[in-house]
Amino acid sequence: MTDKPVLLIPRKLAPAVLVRAQATYDVILNEDDHVMTRDELVAACQNVDAVLPCHSEHFNAEVVAALPARLKIIANHSVGVDHVDLGAAKARGIVVTNTPDVLSDATAEIAMLCMLGAARRGSEGDRMVREGRWNFWSPAFMVGRQVTGRRFGVLGMGRVGQITADRARGFGMEIHYHNRSRLSPDKEKGAIFHDTVESLLAVSDVLSLHCPSTPETTGLINARTLDLLPERAILVNTARGALVDEDALVAALKSGRLFAAGLDVFRDEPGGNPALADLDNVFMLPHIGSATFETRDAMGFRALDNLDAFFAGDAPVDRLV
């Protein structure tokens, strides 16, 4: 018998994270790394004290209600917690934590990749070369949009949004943002604050989404709001797919109202949206914003820090409920 807390890890984590976890906890693994069904997840949680899930494990109210009394903490391997019903967890007395800060740089890098890939027709050009269709050149060939000096709109100026704005400054872009509250001057760094989403969209040659997915932000980017963007603007989304009405986005891209979109997240994951995949003016990635070796280690260690604090009787630094 062991007196270690029993910890369920439903997805394959970085090797160094697993080594550390097994030194402190009696770890139960999902050996083949498949996405557990609701019933599988509930069953796997029945004899554990804690779970360290990713955003692929959905703890809705029904799942939370089926969790055993001994499970006391859900230590997420993610910043976003839209996959966890926080109200239901709080009602059950289950602590929920996340992993902020440590993935900001990696996600900001992906936002820049999505912006440039969309602006310079990256997907279209890559396919052309790979498929052997590049047999022509002229000054009118594969002309894209230059981002240098353009207005870069940040919707959600948290840690990721701030670092993404810093990266955009490297391209000489003028930074505009909307946030629930205005930043202090030292964090704002000369960025122009907009007190409404509508005001921000009107000046965003590139709009980059960095707000959380909540009932209030679901479908925030829709036919009405897309129409507020400057003509032939570029949309970048590295936050959550639920922020965007994808049908409206497809229509705006097909009509030329938007020049292009760079997307790392989608309404349906995994899989994406075939209607978006059919369009040349969409640069797409499979939700890999935090997928670097360094960041995966840091996220896992941050989740373990929260677990260690909880089982030591201390308050986890990233406690949400």
Student check: side-chain heavy atoms of Ile110 and Thr107 closer than 4.5 Å: no
Derivation of the salt bridge (Lys or Arg N to Asp or Glu O under 4.0 Å) call for Glu198 and Arg224: CA-CA 10 Å; Glu198 290 77 7; Arg224 181 188 70 84; 3.2 Å; yes
Less than 4.0 angstrom from a charged side-chain N to a carboxylate O is my criterion; do Asp205 and Arg145 meet it? no
How about Arg133: does its CZ atom have over 12 heavy atoms from other parts shown lying under 6.0 Å from it? yes
With a 6.0 Å cut-off (strictly less than), is the heavy-atom count around CZ of Arg159, excluding the residue itself, greater than 12? no
Do the side chains of Glu174 and Arg150 get close enough for a salt bridge, i.e. N-O under 4.0 angstrom? no
Are there more than 12 heavy atoms of other residues, nucleotides or ligands under 6.0 Å from atom CZ of Arg120? no
Asp305 and Arg302 ion-paired at < 4.0 Å: no
Salt-bridge criterion met for Asp314 and Arg319 (N-O under 4.0 Å): no
With sequence neighbours excluded, tell me which residues meet side-chain hydrogen bond (donor to acceptor under 3.5 Å, both in side chains) with Glu216. Thr214
Angle between ring planes, His55 versus His83, binned at 30° and 60°: parallel, tilted or perpendicular? perpendicular
Check whether any side-chain N or O of Asp268 sits under 3.5 Å from a backbone N or O of Gly271 as a donor-acceptor pair, and report yes or no. no
More than 12 non-hydrogen atoms from neighbouring residues, nucleotides or ligands closer than 6.0 Å to CZ on Phe141, yes or no? yes
